[in-house]
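Notes to accompany the following structure.
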Amino acid sequence: MNTIAERLESAYQQIAQQCTKLGSNPADVQLIAVSKTKPDTDILSAYQAGQRHFGENYPQELADKAVALSQLKEICWHFIGPLQSNKTRLVAEHASWCHSLDRLKIASRLSSQRPEQLPPLKVMLQVNISGETSKAGINPDQVLALATEVTALPGLELKGLMAIPAPDEQEPVEPAFARMQQLSKMLRSHFPLASELSMGMSDDWPLALKYGATMIRLGTAIFGVRNYERHE
Ligand SMILES: *Cc1c(COP(=O)(O)O)cnc(C)c1O
C-alpha cells in the first residue's frame, strides 16, 4: 500500500475527522503505533515521521527494541500484551506504560522492580469486558479493589483502563465499548487521575472514540499485516 509515514498521516487525519464529527478534541486522543513482530527499521521510519508512542505485546521483544533504539530520545514504549510474573522485570525496566495489568501479584513485582531513577510506571487495568473466560483481564466488579491496591504501591501510577473486546465473537463490540465508558467514569469518580481509556484497534477505533477512548492501539493500519513466525 503506502509508506509508514503516509499511513500515519492518513490515520491522524482520520482521527481528526472522527473527533470533529464527535465534537471531541483530537489532542485528547493518543495514537499508539503497535509495532509487535515488526522490525526496528519500521519503528525508525514511524519515529522519523513524528510518531512517539509505540506498543509491544511481548516483554522480551519490547526490551530488545528499547535497547536497540535507545538513541531515539523521545520514544515512549507501551506494553500491551499478556504479562507473566517471570517477565515483569523487562517491562518494569524498559516500558513507560503497561496497559495489561490484571492482578496484584504482577503489580507488586512491577512496583519493586521499577528502577528508582525512572519515573513511575504508568499502569492501566485490563478489563475483560466481553465476559469470555479465555480473555485476559479482570471482571468489571474487581476494578475498584485492584485500583485501590495499585495506587498504594510505590513506583506505579494508575492511569486508567484498557480493554480488548473480542472482535470475532457473536457479541457486537459496541455495547462492550459503552460498558467500558461507564466503568471508566466510575473509576474516575474515585481516582480522578485514572482518566485514560485504552480501547480500539485498526478495525474498530472510530467506534472506540465514540465511547470515550483516549488511547487507540493501531498495528495493521500503520505497519501493514503481521507475520507471526518469529514468535512460533
Ligand atoms: C496487536 C494488538 C493491537 C493492534 O491490532 P491491529 O488490529 O493490528 O490494529 C492492539 N492492541 C493489542 C492489545 C494488540 O495485541
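Because the structure is predicted, anything quoted here is derived from the model rather than measured. Every number for a ligand or one of its atoms is a count from 1 in the order of the listing.
- Using a 4.0 Å cut-off between heavy atoms, K36 contacts ligand 1 through its side chain alone, with no backbone atom that close.
- Screening Q126, K159, H99, H78 for a side chain to side chain donor-acceptor pair (under 3.5 Å) with S198, the sole residue that qualifies is H99.
- Atoms of ligand 1 found under 4.0 Å from any heavy atom of I164 (numbered from 1 in listed order, with element): 13 (C).
- Protein heavy atom closest to atom 9 (O) of ligand 1, with residue, atom name and distance, is S202 OG, 2.5 Å.
- In this model, a donor atom of one side chain and an acceptor atom of the other lie less than 3.5 Å apart for Q14 and S10.
- Residue I80 has at least one heavy-atom neighbour below 4.0 Å for each of these atoms of ligand 1: 11 (N), 12 (C), 13 (C), 14 (C).
- Side chain of R7 to backbone of N2: a donor-acceptor contact under 3.5 angstrom is found.
- The contact set between ligand 1 and T220, taken as ligand atoms under 4.0 Å from a residue heavy atom, comprises 6 (P), 7 (O), 8 (O), 9 (O).
- Defined by atom type and a distance below 3.5 Å, a donor-acceptor pair is present between the side-chain atoms of Q51 and Y12.
- Judged purely by atom type and a 3.5 angstrom limit, K65 uses its side chain to pair as donor or acceptor with the backbone of S35.
- Defined by atom type and a distance below 3.5 Å, a donor-acceptor pair is present between the side-chain atoms of D64 and Q60.
- Within the 3.5 Å criterion, the main-chain N or O of A27 finds a donor-acceptor partner in the side chain of N25.
- Distances from ligand 1 to the non-hydrogen atoms of R226 include at least one value under 4.0 Å.
- A cation-pi arrangement is present between R52 and Y47 under the rule of less than 6.0 angstrom and at most 45 degrees off the ring axis.
- Under a 4.0 Å criterion applied to the non-hydrogen atoms of N57, ligand 1 contributes the atoms 14 (C), 15 (O).
- The distance from ligand 1 to the heavy atoms of R217 drops below 4.0 Å at these ligand atoms: 4 (C), 9 (O), 10 (C), 11 (N), 12 (C), 13 (C).
- Ligand 1 has at least one atom lying under 4.0 Å from a heavy atom of L218.
- No N or O atom of D203 sits closer than 3.5 Å to an N or O atom of ligand 1.
- When only non-hydrogen protein atoms are considered, atom 5 (O) of ligand 1 lies nearest to M201 CE, 3.6 Å.
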